A.B. asks: 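Have a look at this one.
Values in this document were obtained by computation on a predicted structure and should not be read as measured data.
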Amino acid sequence: MSMGTGSIQGSVPVVVHSEESEEAMIAIIDYDAGNIKSVEKALQYLGQDTMLTRDPEMIRKADRTILPGVGSFGDAMGKLRGYGLEEVIRDFVATGKPFLGICLGLQLLFSESEESPGVQGLSLLPGKICRIPEGEGRKVPQIGWNDIAIRPDSRLFAGVRDHSYVYFVHSYYLQAERQEDVAATTEYGVTIHAAVESGNVYACQFHPEKSSDVGLQILKNFISL
């Protein structure tokens, strides 16, 4: 596995979007956060039909939904509420269809973050987002490849070797309240809950779309849920 660039290589096939398509449709929530397009391109590389949208009805109709993004917790929650997407996300999760948060999208699933005191998150899962402590030889933000310890029964990581390397870019990390929600961990001065699974809700702190073959396998697993 190459760890040089943290990007998906190769040409991206053209995907025709159609509400009449028999293929499962994945909605990628567009709320003006960073790094959303790279998730769309990775899914298209896998031949998956996608729609990048903030239209409530299109999101509700989707077979699966992804909330990606990089940026500030407070700004992101402000955008989601400004676009009327907070309740749309809750409605989608309530259907039982698969939902995936990526990076900032993981953090927003929880109630609070030290990055934005006083801002209420989506509160879909119990836990809090804390700042990575600085220490000798440890830079914040964490940028680069790190290995993850994977829970053996994880559906999101099916077929992924334990302690595989994935690509992180973050200054804040999850402390999940329920250990049974934690699907993978990594070490960076503290134990970081790097991925969660709870019912139909899945999330990764790292970027599967930038994690080479391992990341593609994770996205394939989500597509097949």
Side-chain angles (χ1 to χ4, degrees), residues 6-8 12 15 17 19 25-46 48-95 97-125 128-129 131-132 140-143 167-174 195-196 201-211 215 218-219 222-223:
S7 61
I8 301 297
V12 177
V15 177
H17 307 288
E19 294 185 40
M25 174 67 75
I26 294 182
I28 302 172
I29 297 177
D30 180 8
Y31 61 112
D32 296 335
N35 203 58
I36 291 176
K37 280 286 188 181
S38 65
V39 176
E40 182 183 37
K41 289 180 180 179
L43 291 168
Q44 290 177 347
Y45 179 82
L46 293 172
Q48 176 61 47
D49 203 7
T50 64
M51 54 181 172
L52 182 60
T53 183
R54 62 176 67 113
D55 182 279
E57 291 310 308
M58 294 301 290
I59 294 169
R60 290 188 177 101
K61 288 179 181 178
D63 300 288
R64 296 166 183 81
T65 290
I66 298 178
L67 179 66
V70 296
S72 160
F73 185 95
D75 288 347
M77 283 306 307
K79 289 288 180 61
L80 289 178
R81 290 183 174 124
Y83 288 128
L85 293 171
E86 183 174 15
E87 288 308 311
V88 174
I89 291 170
R90 294 182 191 282
D91 291 346
F92 184 90
V93 169
T95 68
K97 292 185 286 188
F99 182 94
L100 175 65
I102 296 176
C103 194
L104 180 59
L106 171 143
Q107 298 179 10
L108 296 172
L109 299 178
F110 294 84
S111 59
E112 59 181 320
S113 172
E114 290 181 355
E115 183 178 21
S116 304
V119 175
Q120 184 73 24
L122 294 169
S123 302
L124 290 170
L125 298 175
K128 60 181 179 179
I129 308 301
R131 182 167 173 82
I132 298 173
V140 179
Q142 178 191 11
I143 301 176
Y167 192 79
F168 290 86
V169 182
H170 64 128
S171 299
Y172 294 83
Y173 73 100
L174 168 63
V196 293
V201 177
Y202 302 81
C204 304
Q205 179 60 68
F206 58 89
H207 290 271
E209 76 282 3
K210 295 186 177 182
S211 296
I218 292 166
L219 291 175
F222 178 70
I223 291 168

A.B. asks: Please assess Arg81 against Glu86 for the test salt bridge (charged side-chain N to carboxylate O under 4.0 Å, His left out), listing each intermediate value before the final yes or no.
C.D. replies: CA-CA 6 Å; Arg81 290 183 174 124; Glu86 183 174 15; 2.8 Å; yes
A.B. asks: Answer yes or no: is there a side-chain heavy-atom contact under 4.5 Å between Val119 and Glu112?
C.D. replies: no
A.B. asks: Just by distance, do the side chain of Glu209 and the backbone of Ser38 share a donor-acceptor pair under 3.5 Å?
C.D. replies: no
A.B. asks: Kindly say whether Met25 contributes a backbone atom to a donor-acceptor pair with the side chain of Asp63 at under 3.5 angstrom?
C.D. replies: yes
A.B. asks: Mind checking whether Phe110 and Ser123 have side chains closer than 4.5 Å, heavy atoms only?
C.D. replies: no
A.B. asks: Under the salt bridge (charged side-chain N to carboxylate O under 4.0 Å, His left out) test, which residues partner Arg60, sequence neighbours left out?
C.D. replies: Glu57, Asp91
A.B. asks: Using salt bridge (charged side-chain N to carboxylate O under 4.0 Å, His left out) as the criterion, list what pairs up with Arg54, not counting sequence neighbours.
C.D. replies: Asp30, Asp32
A.B. asks: Is the distance between the ring centroids of Phe168 and His170 under 6.0 Å?
C.D. replies: yes
A.B. asks: For the residue pair Val93 and Leu124, establish whether any side-chain heavy-atom pair is separated by less than 4.5 Å.
C.D. replies: yes
A.B. asks: Could you tell me if the side chain of Ser116 sits less than 4.5 Å from the side chain of Met77, heavy atoms only?
C.D. replies: no
A.B. asks: Kindly indicate whether the side chain of Leu67, heavy atoms from C-beta on, has any atom under 4.5 Å from the side chain of Ile102.
C.D. replies: no
A.B. asks: Holding to salt bridge (charged side-chain N to carboxylate O under 4.0 Å, His left out), I want the full list of residues that pass it with Lys97, two or more places apart in sequence or in another chain.
C.D. replies: none
A.B. asks: Tyr202 versus Val196: any side-chain heavy-atom pair under 4.5 Å?
C.D. replies: no
A.B. asks: Please report the interatomic distance OG(Ser171) to CD(Gln142), rounded to the nearest 0.5 Å.
C.D. replies: 9.5 Å
A.B. asks: How many angstroms lie between atom CD1 of Ile29 and atom CD1 of Ile66, to the nearest 0.5 angstrom?
C.D. replies: 9.5 Å
A.B. asks: Identify the two heavy atoms, one from Ser113 and one from Tyr172, that lie closest to each other, and give their separation to 0.1 Å.
C.D. replies: OG-CD2, 4.3 Å
A.B. asks: List the atom of Leu104, the atom of Val70, and the distance in Å for their closest heavy-atom pair.
C.D. replies: CD2-C, 3.8 Å
A.B. asks: Check the orientation of Phe99 and Phe92. Use parallel for under 30°, tilted for 30 to 60°, and perpendicular for over 60°.
C.D. replies: tilted
